[in-house]
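In what follows, chains are A, B, ... by sequence order, proteins preceding strands, each numbered from 1.
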Amino acid sequence: MLIRPSAPSCTPLMSEQQRKAFPFSEFEPKWQDEWEAKKAFHTPNPGDADFDATKPKYFVLDMFPYPSGAGLHVGHPEGYTATDIIGRFKKMSGFNVLHPMGWDAFGLPAEQYAIKTGQHPRITTEQNIEGFRGQLKRLGFAYDWDREVNTTDPGYFKWTQWIFLKLYNAYVNEEGKARPISELEAQGLSRAEIDSRRLAYISEAPVNWCPELGTVLANEEVVDGKSEVGGFAVERRPMRQWMLRITAFAQRLIDELDGLDWPESIRLLQRNWIGRSEGAHVTFQVAQADAEITVFTTRPDTLFGATYMVIAPEHSLVDQIAAPEQAAAIAAYRRVVGSKSDLERTELAKEKTGVFTGAYAINPVNNEQIPIWIADYVMMGYGTGAIMAVPAHDTRDFEFATKFDLPVKQVVQPPAGKEWQGYTDDGIAINSGFLDGLPTAEAKKKIAVWLEEKGLGKGTTNFKLRDWLFSRQRYWGEPFPIVWEDGNHHGIPESELPLLPPTLEDFRPTGTPEPPLSKATDWVRYSDTATRELNTMPQWAGSCWYYLRYCDAQNSDRFVGEEAEKYWMGGGKPGGVDLYVGGTEHAVLHLLYARFWHKVLFDLGYVSTPEPFQRLVNQGLIMGEDGQKMSKSRGNVVNPDDVVKEYGADALRLYEMFMGPLEQVKPWSMKGVEGVYRFLARVWRLVMVQHEESGVWSLSPALQDVPANKQLTKALHETIKKCGEDIEKLSFNTAISQMMVCTNAFTGAEIKPASAIVTFLKVLSPFAPHLAEELNARIASQFPDLAVKGFLSDSVWPTYDPAALIEDEVEVVFQVNGKLRDKVRVPIAASKEEIEALALASTRVQEFMEGKPAKKVIVVPGKLVNIVV
RNA sequence: GCCGCUGUGGUGAAAUGGUAAACACAGCAGACUUAAAAUCUGCUGGGAUAACAUCCCUUGUCGGUUCGAGUCCGACCAGCGGCACCA
């Protein structure tokens, strides 16, 4: 290895170089080039010539970035460094490591930017990806770039469209498993029946239409009645849309979380989002009308306390049952409710509103007539859009009943001392006929049986989760592989994939719900009788399966080769990816969607595990130096490029890991960056010395081929042990502090034992790979037999010697009544009795015992003695 | 309102129920230097005291379990995040 000398002192470069504590700006790009040229992190697949089937696999995944024009922010390298350390460590520990990177590049921001600048999104997307790739390469991440994926690449979205066709041509059977639609065809079901069961289906339901963005949005993309992207107003309007039947998997999406190593908080977030609740459907006859209303309730035991009924204002039964004299009031109320945005509807939630329909329902348990109201506190989209109101034991019903002076009837006896009005917890049934005296849980069971016997209702489970609105009226997304003919839709043949979007000069939204693809009249026309679907898929589509594509990114025959999928996604656990690191912002959306698609592919036999991600870790947000969230408007944004320029990639990597626990929210500190930078410089100076005048670095004469003394050996082996354990636990901050301790010990030694330092560099290399490789190469120039030949990243993680950790003497603490009173160094082998005798003999101990006899003596060998008097 | 997470020095933080504050930042002092920067060495939770001897206090608050609690249990307070008329 040739060593590039520093620039001579007379050049202007010199002052620049001299400021740096070590010449990272020279060797960091050098090693990045070297890794790339030698494909140091190329990962062979099963079947490849250089594949070693005897090694276990480790699939470590980052949430791939959306390549924006702003470039990387400091949050990206946080998770990416964590996975890089793990990946490099696992590689050194004998694993076949899959650690890839790619781009989630379809979607609204790119298109909004394109519209603003007039540039085609394909061009801006390419530029942004170039920028991101360059930035990531400058951080020295050990990706296999041959596996890079890009969701906007036809070779990629071909398979996104292919998976959509699988969803389109599948249904869920009685056992809750996805099966091919051909099974239904074989049963002779009609076209309409089949279409109503597809996992991808057409719906005319009201959707979130955002005029400003010119598209509909999924419920999840609407926050407080405004679009998540841009914060524009969103209105409800009925439109013909593609939906994905994720609700058919609601129960499995809850149940199958159990086998995963995910943070409990994220599992809870998903469970709450899916929102399972158990209850019953109860059917009420409408008095003097040929109509019935079915309600969903979680408290069927309170049926005797139902004193009125509420149906959602937009419910279709309203017109059918409303009394003529109420028609005007109902129409007026519906107008008011309809004009409210979702935001207003939540803001005005405090004050209950509603209108009496003039109709009555008959309570099946006692045949009492109860009034039917409409009110916007009942949602059309949840349950049946109708409720039985039990004001005595439901907070909302109680508020409503109080406002409109409706009767309140107690049917639950709360524990002594509690007010029954508005009591919503469990108690004992009263005023409830055959339920009287039963505790809530039993009353629920009894009424369910009763309802079922009479054919009036039955136990049901309800979910908050809605089906996934999957179409967008935008240009920059995957076109649907669907054509329309005579009012019917069907999938295009797989041989016609990928279906490219048309090349449009004008890709702006039309300003109407008509998608921009409608402008490409030639493209739209599929045949004389058929036209193409004009919607595109949402941004989430591409990220639902990208982890699978990494396993076999170049495959042109299949979305992922069978053998590659079995190897990288297999391993005997429910989830295939061994470690997935990313931000909490994707806790529900992306992670739920990806799990849903994966289960469909699993049921249909295309993948070998029921879950995509076995272990999930969320990195915490990095705040600005002021403790506030980083944002342009606050001016507290830290640009990773600036940090790399000033302190180097290794310092950035190390600082991001040293800040604190990975999962914690933590503020940035430039002083902290300087701290780890100084640490790296100290490591550098273990090996190198700088000539005072010329500034040229050369190998330190203190570096010698001698064995390390006992104290240094201990520090080194403790570091090997602790770093290995801490990397597995993702406790990078404590691993780094241990390396600092070790370095401080080496710094204090007159002679630097070269082979011990090489071992230390192996431990350091996953964290600061450039510096470690450079120093190893420098050492190799003088001690070729001591240094690692080739890349440190290809070397084997050192094993520690437990014997080296043991000291001859340990400090033992003497306590009296739990308070520290004396310390003594004793031989490691000292027996319990010997230590106890020493403690009792201590004058300090005796002083605090005040002559009293010891009631109890606790001895923890090697640790402490506690004397209780 | 409901659910979850977090509360430790001036700051980021560390601590299998066993010496609270490792490691780093900031600060102070010293060495080197004509000087500064860099580097190296030392000190650095609060209080009492002449004392670097010694004692007392200290992990959001209050209780409990234990020989011993930052750690386990209970109640409360504060901050952050999620959901929010979900029947």
Side-chain angles (χ1 to χ4, degrees), chain A residues 18-21 224 263-269 271-273 275-277 279 295-299 302 310 312 345-346 348-352 375-379 381-390 393-397 399-400 424 462-466 584-585 587-588 620-621 627 655 658-661 663-676 678-679 681-682 685 690 731 733-744 747-748 811-823 844 847-848 854-860 862-869:
Chain A
Q18 218 165 22
R19 273 204 355 235
K20 297 192 166 87
D224 292 337
E264 191 49 40
S265 59
I266 300 297
R267 292 199 279 193
L268 248 145
L269 236 46
R271 282 198 206 100
N272 290 344
W273 188 267
R276 180 193 154 99
S277 63
V295 302
F296 173 73
T297 175
T298 55
R299 292 298 298 272
T302 61
V310 184
R345 215 163 148 161
T346 34
L348 299 171
K350 290 143 211 151
E351 190 71 1
K352 292 274 179 296
D376 67 352
Y377 84 91
V378 171
M379 311 282 144
Y382 184 75
T384 60
I387 63 155
M388 62 176 213
V390 185
H393 307 295
D394 181 282
T395 315
R396 296 148 301 175
D397 296 345
E399 282 170 21
F400 192 83
T424 58
N462 212 354
F463 296 94
K464 273 201 290 188
L465 184 71
R466 317 289 163 80
T584 339
E585 66 272 22
V588 275
L621 206 63
Y655 173 65
F658 187 60
M659 292 171 84
E663 299 180 69
Q664 197 163 298
V665 178
K666 43 212 177 269
W668 187 267
S669 155
M670 265 319 174
K671 287 288 182 191
V673 182
E674 280 176 34
V676 294
R678 277 201 285 266
F679 159 67
R682 269 205 309 281
R685 289 194 309 267
Q690 188 165 32
S731 296
N733 54 332
T734 52
I736 293 166
S737 78
Q738 179 59 41
M739 289 190 284
M740 287 172 169
V741 171
C742 187
T743 302
N744 291 345
T747 300
E811 192 177 57
V812 170
V813 175
F814 297 157
Q815 296 179 336
V816 178
N817 288 336
K819 282 195 198 288
L820 175 70
R821 295 305 179 191
D822 204 359
K823 302 172 185 183
R844 296 257 317 131
E847 205 176 300
F848 282 90
K855 266 194 242 163
K856 195 169 178 182
V857 179
I858 288 113
V859 182
V860 183
K863 278 276 181 195
L864 60 71
V865 179
N866 188 13
I867 298 161
V868 187
V869 295

Specify the separation, in whole Å, of atom [atom1] of [X] and atom [atom2] of [N].
X	N	atom1	atom2	answer
R682(A)	C25(B)	CZ	C1'	13 Å
N272(A)	C3(B)	CG	P	10 Å
L268(A)	C2(B)	CG	C1'	12 Å
I387(A)	A87(B)	CD1	C1'	6 Å
L269(A)	C83(B)	CG	C1'	8 Å
F400(A)	A87(B)	CZ	C1'	14 Å
D397(A)	G1(B)	CG	P	20 Å
L465(A)	G82(B)	CG	P	19 Å

- Task: Please test D397(A) against I387(A) for side chain to side chain contact (heavy atoms under 4.5 Å, CB included), starting from the C-alpha separation and ending with a verdict.
- Result: CA-CA 10 Å; D397(A) 296 345; I387(A) 63 155; 3.5 Å; yes
In Å, rounded to the nearest 0.5 Å, how long is the span from [atom1] of [X] to [atom2] of [Y]?
X	Y	atom1	atom2	result
K352(A)	D376(A)	NZ	CG	8.5 Å
T743(A)	I736(A)	OG1	CD1	11.5 Å
D394(A)	E399(A)	CG	CD	9.0 Å
T297(A)	M388(A)	OG1	CE	4.0 Å

Shortest non-hydrogen contact from [X] toward [Y]:
X	Y	answer
Y382(A)	S277(A)	OH-OG, 3.0 Å
K464(A)	W273(A)	CB-O, 3.9 Å
E663(A)	P263(A)	OE1-CG, 4.5 Å
V869(A)	A854(A)	CG1-CA, 4.1 Å
Y377(A)	A389(A)	OH-CB, 4.5 Å
G818(A)	N866(A)	N-OD1, 2.9 Å

- Counting any heavy atom closer than 4.0 Å, what does L864(A) reach on the DNA or RNA strands: base, sugar-phosphate only, or nothing?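 If one applies the 4.0 Å heavy-atom cut-off, L864(A) turns out to touch a base.
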- Message: By the 4.0 Å heavy-atom rule, please label G383(A) as base, sugar-phosphate, or nothing.
- Response: nothing
- Nucleotide by nucleotide, 5' to 3', does protein get under 4.0 Å of the base (B), only the sugar-phosphate (S), or neither (-) in nucleotides 5-13 of chain B, counting heavy atoms? -------BS
Donor-acceptor pair, [X] side chain versus [Y] backbone, under 3.5 Å?
X	Y	answer
S731(A)	T734(A)	no
R299(A)	T424(A)	yes
R821(A)	R844(A)	no
K671(A)	S669(A)	no

Could you go over nucleotides 66-70 of chain B and give all protein N or O partners under 3.5 Å, atom names and distances?
{"from": "C67(B)", "atom 1": "OP1", "to": "K856(A)", "atom 2": "NZ", "distance (Å)": "3.3"}
{"from": "C67(B)", "atom 1": "O2'", "to": "N866(A)", "atom 2": "ND2", "distance (Å)": "3.3"}
{"from": "C67(B)", "atom 1": "O2", "to": "N866(A)", "atom 2": "ND2", "distance (Å)": "2.6"}

With rounding to whole Å, what would you report as the distance between [N] and [M] at their [atom1] atoms?
N	M	atom1	value
U33(B)	U39(B)	C1'	11 Å
U16(B)	C67(B)	P	23 Å
A35(B)	A13(B)	P	40 Å
A36(B)	A21(B)	C1'	34 Å
U8(B)	G12(B)	P	8 Å
C62(B)	A14(B)	C1'	27 Å
A87(B)	C5(B)	C1'	29 Å
G10(B)	C32(B)	C1'	30 Å

- Message: Any side-chain N or O of R271(A) below 4.0 angstrom from OP1/OP2 of G4(B)?
- Response: no
- Message: OP1 or OP2 of G1(B) versus the side-chain N and O atoms of T395(A): is any pair under 4.0 Å?
- Response: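 For G1(B), OP1/OP2 do not have a side-chain N/O of T395(A) under 4.0 Å.
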- Apply side chain to side chain contact (heavy atoms under 4.5 Å, CB included) to the pair K819(A) and V816(A), showing each step before the final yes or no. CA-CA 5 Å; K819(A) 282 195 198 288; V816(A) 178; 5.9 Å; no
Taking only nitrogen or oxygen atoms into account, show me every contact under 3.5 Å that the protein makes with nucleotides 26-30 of chain B, one pair per line with its distance.
{"from": "A26(B)", "atom 1": "OP2", "to": "R678(A)", "atom 2": "NH2", "distance (Å)": "3.4"}

- Using the purine O4'-C1'-N9-C4 or pyrimidine O4'-C1'-N1-C2 torsion, is G30(B) syn (within 90° of 0) or anti?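 Anti, angle beyond 90° from zero.
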Which one, [options], comes nearest to the side chain of [X]?
X	options	result
K819(A)	C57(B), U19(B), C85(B)	C57(B)
Y382(A)	C85(B), A87(B), G18(B)	A87(B)
K823(A)	A24(B), U19(B), A87(B)	U19(B)

- Whichever of V588(A) and G275(A) has the more 5' nearest nucleotide on RNA chain B, that residue is V588(A)
- Task: Please work out whether the ring planes of Y655(A) and W668(A) are parallel, tilted or perpendicular, with thresholds of 30° and 60°.
- Result: perpendicular
- Query: Which ones in residues 734-744 of chain A lie close to RNA chain B, meaning a heavy atom under 4.0 Å from one of its atoms?
  - Reply: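 Output list: T734(A), S737(A), M740(A), V741(A), N744(A).
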Tabulate atom names and distances for all N/O pairs under 3.5 angstrom spanning the protein and nucleotides 52-55 of chain B.
{"from": "C55(B)", "atom 1": "OP1", "to": "R844(A)", "atom 2": "NH1", "distance (Å)": "2.9"}
{"from": "C55(B)", "atom 1": "OP1", "to": "R844(A)", "atom 2": "NH2", "distance (Å)": "2.4"}

- Note on the structure: Dot-bracket assigned to RNA chain B with the 3.5 Å Watson-Crick/G-U criterion, [ ] for crossing and | for other-strand pairs, is (((((((..(((.....[....))).(((((.......))))).((((.....))))..(((((..]....))))))))))))....
- Message: So N744(A) and R682(A), do their side chains get closer than 4.5 Å, heavy atoms only?
- Response: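 Yes, close enough: below the 4.5 Å cut-off.
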- Message: As a quick check of understanding, evaluate side chain to side chain contact (heavy atoms under 4.5 Å, CB included) for Q815(A) and I858(A), giving each step before the final call.
- Response: CA-CA 9 Å; Q815(A) 296 179 336; I858(A) 288 113; over 6 Å; no
